[in-house]
Amino acid sequence: MIKVECNGGVHEFPSEISVGKAIKEAYGKKSGAVAALVNDEEKDLSYLLSQNCKIDIIKDNSDRGLYIMRHSCAHLLAQAVTELFPNAKPTIGPPIDEGFYYDFFMDPINDDDLRKIEKLMRKIVKQNIPIKREEHDNETLRGIFSNNSFKMEIMDDKIGQEVGSSTYKQGNFVDLCRGPHVESTAKLRWFKLTSTSQAFWRADSSRETLVRIYGMCYSSKEDLQKRETLLREAAKRDHRKLGKDLQLFHIDEMVGQGLILWTPRGTVVRNELQQFISDHLTRQGYKQIYTPHIGKLDLYRTSGHFPYYQDSQYPPIVKRDTLSRLSDEGCSCSDLSNLMSEGEIDGYMLKPMNCPHHIRVYASQPRSYRDLPLRLAEFGTVYRWEQSGEISGMTRVRGFTQDDAHLFVTEDQIEQELLGCIELVKVIFGTLGMKDYRVRIGLRDSNSEKYVGSPEKWDKAEDACRNATASLGVEFSEEPGEAAFYGPKIDFVVKDVLGREWQLGTVQVDYNLPERFDLTYTGSDGEKHRPVMIHRAPFGSMERFCGVLIEHFNGMFPTWLSPTQVHILTISEKHKDYANKIAESLRDTSIRVEMDTGDDTIGKKLRTHRSMRPAYLMILGDEEQQNGTVSFLNPEREQKNGIPLKDFISKITSEINSKI
RNA sequence: GCCACCGUGGCUUAGCUCGGUAUAGCGACUGAUUCGUAAUCAGUAGGUCGGGGGUUCAAAUCCCCCCGGUGGCUCCA
């Protein structure tokens, strides 16, 4: 007799019974179970119960259940691929958020192949092929996968641990896998292959090139369709599309990849944001500075950026006469490169970071402890050579402006100053209604040698990060190994509608650069001391932040950020003068106005101007003119008629001032 | 940088498989209309098909190289 605790009751069975049957007993036929927890361990429905236990159902629409289905779907994919391409060698195929992928060692495939694979997958689903778990000893296991070096490598590394010693078999396809899986291919109906890409074995670019196939998988048609709808909606609010439609920015082939041209409308948004930050900087006692876009190579040798980060920098600018002298001497490109690396030739570099310049501002005067904390801020534009395949819209670019600042502080001031930095990020995110973000504290990896500074200082800095974050009541995760080599950091990661995460704000503690530049201040004891630096950028970069903001607001900016706050549309030509008068009054109060006094119908004008998503659409005709009032559609696109102009002005002004 | 896919007037787009110098809408411009809430009517201009090379009597259509974009991979001080 086996007693099975399940669904709040105890069920008794005379002999061995499968989990699936036990669940059917306890929950009925339509339990939606894809697997189960047997004494808190994930098991297949076919798993045989031979002694008393506790079972929890894993439903197909639960996170765990979806994970299992997606994993099974990856196997289904592999079955189809190996059937169509007998030479393809499956490597790994895990479930991921919303779907799954599988990496194959095979020749590249195209979209046609992808469709063929998907078609075969559907056929296999219809065939209702059972998925069977089998346990093997080591030797048998190696025998099964002897012609697949990738699986062999996995076994060499992991056998008996995570991978277990089981295989899952469906039809002729066998995969090394610990499971669990759904019972049969028929359970996998709501999937779709989405894309292919190249991937590297073990994410190592020096290893084999693999073909990765992505798919999504859900437990119901509705969920699959919901996801597809979401993707379509997200495509509509993509900042690259909206940026073009709303004329916010332009990227020009002739100017270069990853270089943003801020058009007039986008510049308004950026300026408003910069002004917003500037106001807070003043309040928090920052000093704003300007520094140039280039600096001598030697500056970056001292900072360590050159040649350490050479691969991601624009190549140095060398003086013309130096170049012609070297060329007369028959110097080759590699000679030149060596001479620069060795410091025998100087040149200029487009700045990849603002800190070296800011450090030299600090060093321009003798500093005492009374000067600290010294907070230097700049909207500083930096240039980095991102790989061409990485560049995308405004979010990954080669030139961008950081809302940067460097705080030079004593060790005792670190925590207090971190607090101020985090506070600022919180205010910004709060004002813009960006609620879905998380905070990540990057700590050092105790096994790594790459970090500079003593362990004691690191401990202190890491504690300061924790304390500052915690004392502001922000949830955070600690991630060892994610620190910069010079110090721990606090990153603010914002989630967008698709669940993609964007690292925006960042706060970093730095012991390294003050050391490298031999920065000092005179303490109250009359001795020289070393300051600590805090790098911080609440937006991260104006480009990325605006890109994320465009999507966040779906192009419909709050009034204070709206590139054009009021669009005035006239009913007919005879209202032109009145419209001009209104426009003038609004402009006098610094409200951004656009006029349309053309000869289109009001319906046409509304249609045209709505698409630019201004905060207000004002309509002026006989009625307004006679009564000296205005009528408008507000940001919620509700109609308000016959409002006295001064009421409108005070309403919109207060809206702008309170940034709602 | 790597893999796959894509690139036609300002925008969206037909044609490309089966080679014979390009289709439409929006927008722009001109004229008429002055009309109260998501496209008033008529007309005109505008592209040599991302760039270069090749195959061919002939290429937007086939081939090669380059540039740019998209989805991923790798990277992100």
Side-chain angles (χ1 to χ4, degrees), chain A residues 96 101 103 106-114 194-207 209-214 231 235 238 240-241 244-245 247 250-258 300 303-306 308-313 351-356 382 384-393 395-398 400 442 450 482-487 489 491 503 506 508 510 512-513 535 540-541 544 569-576 597-611 617-625 631-633 637 639 641:
Chain A
I96 52 175
Y101 68 80
D103 286 346
M106 67 189 296
D107 292 330
I109 59 165
N110 60 29
D111 292 352
D112 272 347
D113 297 325
L114 199 65
T194 48
S195 63
T196 63
S197 103
Q198 175 238 38
F200 300 111
W201 173 236
R202 307 217 140 165
D204 181 346
S205 55
S206 66
R207 300 287 311 261
T209 293
L210 308 174
V211 172
R212 175 170 298 180
I213 301 176
Y214 280 94
L231 289 172
D238 189 312
R240 290 166 301 193
K241 178 175 163 45
K244 187 184 273 179
D245 292 349
Q247 297 164 26
H250 173 66
I251 298 168
D252 195 278
E253 252 188 68
M254 220 169 176
V255 174
Q257 267 189 305
Y300 299 102
S303 71
H305 292 117
F306 183 88
Y308 191 75
Y309 292 111
Q310 229 178 72
D311 287 350
S312 45
Q313 288 162 178
K351 65 178 176 189
M353 289 196 109
N354 299 304
C355 23
V382 298
R384 297 181 189 175
W385 185 262
E386 299 284 349
Q387 297 184 77
S388 63
E390 266 316 322
I391 291 168
S392 172
T395 49
R396 277 299 285 272
V397 292
R398 283 187 174 157
F400 56 96
K450 73 170 183 177
E482 289 298 307
F485 70 90
Y486 50 71
K489 57 180 186 172
D491 287 333
Q503 198 221 294
T506 179
Q508 310 181 354
D510 181 0
N512 176 45
L513 284 175
H535 307 242
S541 98
R544 175 176 290 184
L569 319 177
T570 51
I571 297 290
S572 81
E573 214 167 76
K574 56 186 181 194
H575 310 114
K576 203 169 175 176
T597 55
D599 55 5
D600 282 327
T601 60
I602 191 66
K604 181 58 185 294
K605 284 179 186 175
L606 274 166
R607 189 185 165 88
T608 309
H609 290 266
R610 256 175 206 272
S611 70
L617 286 153
M618 185 176 275
I619 296 148
L620 301 179
D622 284 343
E623 242 172 79
E624 291 75 15
Q625 190 167 348
S631 297
F632 56 85
L633 294 172
R637 295 300 181 247
Q639 175 94 34
N641 289 331

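Residue numbering restarts at 1 for every chain, and letters A, B, ... go by the order of the sequence lines.
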Could you tell me which residues satisfy side-chain contact (heavy atoms from CB on, under 4.5 Å) with [X], sequence neighbours excluded, listed by chain and number?
X	result
D113(A)	F85(A), I109(A), N110(A), K116(A)
Q625(A)	H575(A), Y578(A)
S388(A)	Q257(A), R398(A)
E573(A)	none

Below the 4.0 Å mark, does [N] have OP1 or OP2 next to a side-chain nitrogen or oxygen of [X]?
X	N	answer
R212(A)	C3(B)	no
Q257(A)	G69(B)	yes
S312(A)	C76(B)	no
Y214(A)	C73(B)	yes
R240(A)	G71(B)	yes

Using the P atom as the point on both nucleotides, what is the distance between G54(B) and A59(B), in whole Å?
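Between the two P atoms, the distance is 12 Å.
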Can you identify which nucleotide, out of [options], has its nearest atom closest to the [X] side chain?
X	options	answer
I391(A)	G1(B), G69(B), C75(B)	G69(B)
H305(A)	A77(B), G1(B), G71(B)	A77(B)
D111(A)	U70(B), A4(B), C2(B)	A4(B)

With sequence neighbours left out, write down each residue that passes ring-ring contact (aromatic ring centres under 6.0 Å, His included) with F306(A), or none if nothing qualifies.
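F306(A) satisfies ring-ring contact (aromatic ring centres under 6.0 Å, His included) with no residue once adjacent residues are dropped.
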Pairing residues for Y101(A) by the ring-ring contact (aromatic ring centres under 6.0 Å, His included) criterion, not counting sequence neighbours
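Once residues adjacent in sequence are excluded, the partners of Y101(A) under the ring-ring contact (aromatic ring centres under 6.0 Å, His included) criterion are Y214(A).
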Cut-off 3.5 Å, side chains only: do Y486(A) and Q508(A) have a donor facing an acceptor?
yes
Just call it for [X]: base, sugar-phosphate, or nothing, with non-hydrogen atoms closer than 4.0 Å on any strand.
X	result
I109(A)	sugar-phosphate
Q313(A)	base
Y486(A)	sugar-phosphate

Mark up nucleotides 7-16 of chain B, 5' to 3', with B wherever a protein heavy atom is under 4.0 angstrom from a base atom, S wherever such an atom reaches only the sugar-phosphate, and - elsewhere.
----------
Kindly indicate whether the side chain of R396(A) and the base of C76(B) share any N or O donor-acceptor pair separated by less than 3.5 Å?
yes
Want to settle it: does Y309(A) or F200(A) sit nearer the 5' end of RNA chain B, counting the closest nucleotide to each?
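So the residue in question is F200(A).
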Between V211(A) and R384(A), just flag the one whose closest nucleotide in RNA chain B comes earlier from the 5' side.
V211(A)
Evaluate side chain to side chain donor-acceptor pair (under 3.5 Å) for N641(A) paired with Q639(A), printing each intermediate quantity in order.
CA-CA 6 Å; N641(A) 289 331; Q639(A) 175 94 34; 2.7 Å; yes
So what does the secondary structure string of RNA chain B come out as, 5' to 3', with Watson-Crick or wobble pairs under 3.5 angstrom, [ ] for crossing and | for pairs with another strand?
((((((((.[[[..)........]]].(((((.......))))).....(((((.......))))))))))))....
Sequence neighbours left out, what passes salt bridge (Lys or Arg N to Asp or Glu O under 4.0 Å) with [X]? Give chain and number order.
X	answer
D599(A)	none
K241(A)	D245(A)
R207(A)	E153(A)

Nucleotide N/O to protein N/O under 3.5 Å, stretch nucleotides 32-39 of chain B:
residue : atom : partner : partner atom : Å
U33(B)  : O4   : D599(A) : OD2          : 2.3
U34(B)  : O2'  : S572(A) : OG           : 3.4
U34(B)  : O2   : E573(A) : N            : 2.8
U34(B)  : N3   : E573(A) : OE2          : 3.4
U34(B)  : O4   : E573(A) : OE2          : 2.8
C35(B)  : N4   : D599(A) : O            : 2.6
C35(B)  : N4   : D600(A) : O            : 3.2
G36(B)  : O6   : D622(A) : N            : 3.1
G36(B)  : O6   : E623(A) : N            : 2.7
G36(B)  : O6   : E624(A) : OE1          : 3.3
G36(B)  : N1   : E624(A) : OE1          : 2.9
G36(B)  : N1   : E624(A) : OE2          : 3.3
G36(B)  : N2   : E624(A) : OE2          : 3.2
U37(B)  : O2   : Q639(A) : OE1          : 3.4
U37(B)  : N3   : Q639(A) : OE1          : 2.7
U37(B)  : N3   : Q639(A) : NE2          : 3.2
U37(B)  : O4   : Q639(A) : NE2          : 2.6
A38(B)  : N7   : R610(A) : NE           : 3.1
A38(B)  : N7   : R610(A) : NH2          : 3.4
A38(B)  : N6   : R610(A) : NH1          : 2.8
A39(B)  : N7   : R607(A) : NE           : 3.3
A39(B)  : N7   : R607(A) : NH1          : 3.1
A39(B)  : N7   : R607(A) : NH2          : 3.0
A39(B)  : N6   : R607(A) : NH2          : 2.6

